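Per chain, numbering begins at 1; letters A, B, ... match sequence-line order. Only a predicted model underlies this, so the values are computations on that prediction, with no experimental measurement involved.
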There are 2 protein chains.
Amino acid sequence: MINLPSDEDLMDLSDLFKLFGDSTRLRILYVLHEGEMNVSDISDTLEMNQSAVSHQLKQLRINKLVNARREGKSMYYSLADEHVHTIISMGMEHILEE
Amino acid sequence: MINLPSDEDLMDLSDLFKLFGDSTRLRILYVLHEGEMNVSDISDTLEMNQSAVSHQLKQLRINKLVNARREGKSMYYSLADEHVHTIISMGMEHILEE
DNA sequence: GTTATATATGAACAGTTATTCATATGTGCA
DNA sequence: TGCACATATGAATAACTGTTCATATATAAC
C-alpha cells in the first residue's frame with residue numbers, strides 16, 4: 001500500500017513548485033539571494049516592467065518565499081527561507097548533470 | 001554585480017520545476033518512489049485515466065525524471081534520479097513548516 | 001493642501017497546459 | 001493471420017497563467 005500525502009498537501013506542494021516553474025520568478029529569487037533589494041532595483045537589474053515584477057513578488061510573498069519591508073517610499077524584498085536556496089540548487093544540479 | 005545563470009539554464013531550470021508543479025505528476029512521482037510500477041497499476045492506484053497517466057509519464061521521461069523499460073506488453077517506470085526525492089522532500093518541509 | 005516618486009492592483013489578452021476521447025502502435029498467444 | 005491486452009499519441013477543449021496597460025494607493029517633501 002502506498003502512502004500518498006493528503007490531497008491538500010499535494011496541492012500546496014504543487015503550488016509551491018509552480019512558483020519555481022517560471023524563469024522570471026527564478027531570476028528574481030536569484031537576485032534576492034545576493035541580498036535584499038527594492039522593487040525598482042530588481043526591475044532595473046532584470047530589465048523588466050515594474051508591474052510584472054510587482055505581480056510576481058506578490059505571489060512569492062503570499063507563498064512565503066520572500067519577506068517585504070517598507071523603508072520610506074521603497075519596499076525591500078528578501079528571501080524568506082533557506083529551502084528556497086536548497087531547492088534551486090538541487091534543480092540546478094539536475095539540469096547540469098549529463 | 002549579480003551572477004545570474006544563463007538564459008538557457010534558467011529556462012531548463014524552470015522547465016524542470018514546472019514538472020513538479022502539478023499534483024498529478026507529484027502523485028506519480030510519489031508512487032514511483034515506492035518502486036517501479038507499470039502504467040495500468042499507476043492508473044489504478046491513482047484512479048486516473050490511462051491516457052492522462054501516459055501523457056504525464058512521457059513528460060517525465062523526456063525530462064529524465066523517470067526511466068522506462070518494457071516487459072512483455074507492459075512498460076515499467078521508475079525514478080531516474082535521487083534529486084527527484086530531495087527536491088520533493090525540501091518542498092514538503094517548506095509547506096509543513098509554519 | 002499639491003506634486004513627485006515608489007509600489008500595488010485590476011482587467012484584458014495571448015500563450016500555455018492538463019485532460020479527455022478516439023485511435024494508433026506494439027506485444028503475446030492461439 | 002487474427003485477436004486481446006497494454007501503452008502511446010494526436011486533436012480538441014477548458015482552465016490557467018504571465019505580461020501589459022492604465023490607474024490606484026502610499027509615502028515624502030514642499
Any residue meeting side chain to side chain donor-acceptor pair (under 3.5 Å) with A/Gln50, in chain and number order, not counting sequence neighbours: none

Leading and trailing nucleotides of DNA chain C with any atom under 4.0 Å from heavy atoms of chain B: C/dT17 to C/dG28

Integer-rounded Å distance: D/dA8 P and B/Met48 CE: 13 Å

Interface with DNA chain C, restricted to residues 72-79 of chain B and to heavy atoms under 4.0 Å: B/Gly72, B/Lys73

Contact under 4.0 Å: A/Asn49 side-chain N or O vs D/dT19 OP1/OP2: no

Atom-to-atom span, CD1 of A/Ile28 to C1' of D/dG18 - whole angstrom: 11 Å

Residue mapping more 5' on DNA chain D - nearest nucleotide basis, A/Gly21 or B/Arg70: B/Arg70

Separation of B/His83 NE2 from B/Leu16 CG (nearest 0.5 Å): 10.0 Å

Nearest atoms (heavy-atom pairs only) where A/Ser43 meets A/Asn49: OG-O, 4.3 Å

Of all pairs that satisfy salt bridge (charged side-chain N to carboxylate O under 4.0 Å, His left out), the ones with a partner from residues 41-51 of chain A, not counting sequence neighbours: none

Results of ring pair (Phe, Tyr, Trp, His ring centres under 6.0 Å) for B/His33 - residues two or more places apart only: B/His85

Those residues that, when tested against A/Asn67, pass side chain to side chain donor-acceptor pair (under 3.5 Å) (two or more places apart): none

Any pair counted as ring-ring contact (aromatic ring centres under 6.0 Å, His included), so long as it reaches residues 3-28 of chain B, sequence neighbours left out: A/Phe17-B/Phe20, A/Phe20-B/Phe17

Partner set under side chain to side chain donor-acceptor pair (under 3.5 Å) for A/Arg61, not counting sequence neighbours: A/Tyr77

Report, one pair per line, the protein and nucleotides 10-13 of chain D atoms (nitrogen or oxygen only) whose separation is under 3.5 Å.
from, atom 1, to, atom 2, distance (Å)
D/dG10, O6, B/His55, NE2, 2.8

Non-neighbouring partners of A/Arg69 that pass salt bridge (charged side-chain N to carboxylate O under 4.0 Å, His left out), sequence neighbours left out: A/Glu36, A/Glu71

Pairs flagged by salt bridge (charged side-chain N to carboxylate O under 4.0 Å, His left out) wherever residues 16-27 of chain A is involved - sequence neighbours left out: A/Asp15-A/Lys18

Interatomic spacing from OG in B/Ser23 to CG in B/Leu29 - rounded to 0.5 Å: 11.5 Å

Distances under 3.5 Å between protein N/O atoms and the N/O atoms of nucleotides 15-17 of chain D, please, pair by pair.
none

Rounded distance (nearest 0.5 Å) linking atom OG of B/Ser89 with atom CD of B/Glu93: 7.0 Å

Any donor-acceptor N/O pair under 3.5 Å between D/dA8 base and B/Gln50 side chain: yes

Interatomic distance, B/Arg69 CZ vs D/dA6 C1' [rounded to whole Å]: 15 Å

Interatomic distance, A/Ile28 atom CD1 to A/Thr45 atom OG1 [nearest 0.5 angstrom]: 11.0 Å

Separation of D/dA8 P from B/Leu60 CG (nearest whole Å): 12 Å

